[in-house]
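Reviewing the structure listed below.
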Amino acid sequence: MDLALQQDESKAEQTYASRSQWKLMLGRFKKNKRALFGFWMVILCLVVAVLAKWIAPYDPIEQNMEIMLEGPSWSHPFGTDEFGRDIFSRIIHGTQISLMTGFVGVLIAVVIGVALGTISGYFGGLADSLIMRIMDIFMAFPSFLLALAIVSVLGPGMVNVMIAIGIFSVPTFARLSRSSVIAIKDKEYIEAVKAMGGSHFHIIIKHVIPNSIAPIIVLSTMRIATAIITAAGLSFLGMGAQPPTPEWGAMLSTGREYLRVAPHVSTMPGLAIMFLVLGFNMLGDGLRDALDPKMKL
């Protein structure tokens, strides 16, 4: 009975502390104007991606050689490319590709990295040493070069780009998750659950991971920006999206050939990349500041 009561009290304290922490975080986040601005930038891009089919005024792959390389106008706000395709429509549809690449790539990294980091931090010993040494090997390579090597082996295409982004991002999530788990696993409420006979699986799923998820959310938000830039870079080199897919990096690569006669062909997708990446970076910075316990309301 004493152990059961202790466990109930620990759960109640844990729930109250968790709610208070999230309430304080939300209050700090609302006061951060830069974070709010980044949040609405991301929301705008998400809305554009969802409604791309209805917002885009033209088919993104429809060619019209009579209007090739035209500058911005009322009928084509961002101008046309070398095949007479509407750049505005292509950028709108490219938002779907960039967001999907960022989210899926980071999701792969979160699932694998958090699993490895949790096992490493919770059990320690040989498992910890083995997992961390493997992560060290991956981190010894520059991220973009590792992604380029993976895509070179798997072949060009956005699916392989997502896999490459997920793989090179795993060590970062694994190390962060490991440090969070180490700080949590010796807490009193964890000891209470162990005393009640709770299995390791139950403790990890119900207590360890939920209480170590906050820094993972922050890292995920900022890592999406890195994933978008990496995907655009790979497409720029011809290893990502293939023609006529309206991917921003591929559009930027094609436009460099017409910088003198039609700079808008490369300028517009470049600005789109900058806008989306800036939004995620400002959002991630705001979340990091909001979750910092040293920050005061």
Side-chain angles (χ1 to χ4, degrees), residues 22 25-56 60 72 77-78 87-110 143-144 147 158 161-162 164-166 168-169 172-173 176 213-236 240-241 245-253 255 264 266-292 295:
W22 286 105
M25 185 207 75
L26 184 60
R28 287 193 291 263
F29 184 82
K30 287 181 177 180
K31 291 186 176 184
N32 191 329
K33 294 181 179 179
R34 186 176 62 177
L36 287 176
F37 188 66
F39 172 77
W40 288 114
M41 290 171 69
V42 172
I43 291 298
L44 175 61
C45 291
L46 288 171
V47 171
V48 168
V50 172
L51 302 179
K53 183 178 179 181
W54 297 276
I55 294 177
F78 289 176
I87 295 177
F88 181 63
S89 299
R90 289 177 63 78
I91 287 179
I92 288 176
H93 283 272
T95 307
Q96 295 179 324
I97 299 173
S98 294
L99 286 173
M100 182 179 66
T101 303
F103 281 120
V104 174
V106 170
L107 179 62
I108 293 172
V110 169
S143 299
F144 187 81
M158 292 310 296
V161 168
M162 296 179 206
I165 291 171
F168 83 68
S169 298
T172 306
F173 284 96
L176 179 61
I213 202 67
I216 300 298
I217 294 174
V218 176
L219 178 60
S220 299
T221 304
M222 303 185 74
R223 204 67 185 179
I224 289 174
T226 303
I228 292 171
I229 293 178
T230 302
L234 291 173
S235 294
F236 184 88
T245 305
E247 201 279 332
W248 294 344
M251 294 170 63
L252 193 62
S253 177
H264 64 275
S266 58
T267 301
M268 297 306 177
L271 290 175
I273 295 171
M274 183 186 72
F275 182 87
L276 184 55
V277 170
L278 182 62
F280 274 109
N281 278 333
M282 289 195 297
L283 176 60
D285 285 340
L287 288 174
R288 181 192 59 198
D289 293 341
L291 288 168
D292 188 351
M295 296 289 291

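FYI, the numbering just counts along the sequence from 1.
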Mind checking the OG1-CE spacing from T230 to M162? Nearest 0.5 Å is all I need. 13.5 Å
Considering all heavy atoms of both residues, which atom of G240 and which atom of M158 are nearest to each other, and what is their separation? C-SD, 3.8 Å
With rounding to the nearest 0.5 angstrom, report the NZ to CG distance, K31 to D289. 14.0 Å
Would you give the length of the straight line joining atom NE2 of H93 to atom CD1 of I55, rounded to the nearest 0.5 angstrom? 9.5 Å
CD1 (I229) and CD1 (I224) are apart, to the nearest 0.5 Å, by 12.5 Å
Do the side chains of R90 and M268 get nearer than 4.5 Å, heavy atoms only? no
Closest approach of A232 to I273 (non-hydrogen atoms, all atoms of both residues): CB-CD1, 3.8 Å
Under 4.5 Å between any side-chain heavy atoms of I91 and P269, yes or no? yes
Provide the closest heavy-atom pair for V106 versus A227 in the form atom of the first, atom of the second, distance. CG2-CB, 4.3 Å
Taking every non-hydrogen atom, the tightest pair across L234 and A147: CD1-CB, 4.3 Å
Pairwise side-chain contact, I92 with F78, heavy-atom cut-off 4.5 Å (strictly under): no
Those residues at least two apart in sequence (or on a different chain) that pass side-chain hydrogen bond (donor to acceptor under 3.5 Å, both in side chains) with T101 are none
Taking the side chain from S235 and the backbone from A241, do they hold a donor-acceptor pair closer than 3.5 Å? yes
Side-chain touch L276/S98, heavy atoms, less than 4.5 angstrom: yes
Determine whether I165 and I108 make a side-chain contact, defined as any pair of heavy atoms from C-beta on separated by less than 4.5 Å. no
Is it true that a side-chain atom of S220 and a backbone atom of I216 form a donor plus acceptor pair closer than 3.5 Å? yes
Pairwise side-chain contact, V48 with Q96, heavy-atom cut-off 4.5 Å (strictly under): no
Where do G284 and V218 come nearest, in terms of heavy atoms and distance? O-CG1, 3.7 Å
As an exercise, state the distance from CE of M274 to CH2 of W248, rounded to the nearest 0.5 Å. 11.5 Å
Which atom pairs, one a donor and one an acceptor, fall under 3.5 Å between side chains of residues 32-43 and the rest of the protein, sequence neighbours left out?
| from | atom 1 | to | atom 2 | distance (Å) |
| --- | --- | --- | --- | --- |
| N32 | OD1 | R34 | N | 3.2 |
| N32 | OD1 | A35 | N | 3.1 |

Could you tell me which non-hydrogen atom of S169 sits nearest to which non-hydrogen atom of A109, and how far apart they are? CB-CB, 3.5 Å
Exactly one candidate in I97, T95, I87 meets side-chain contact (heavy atoms from CB on, under 4.5 Å) with P246; the answer is I97
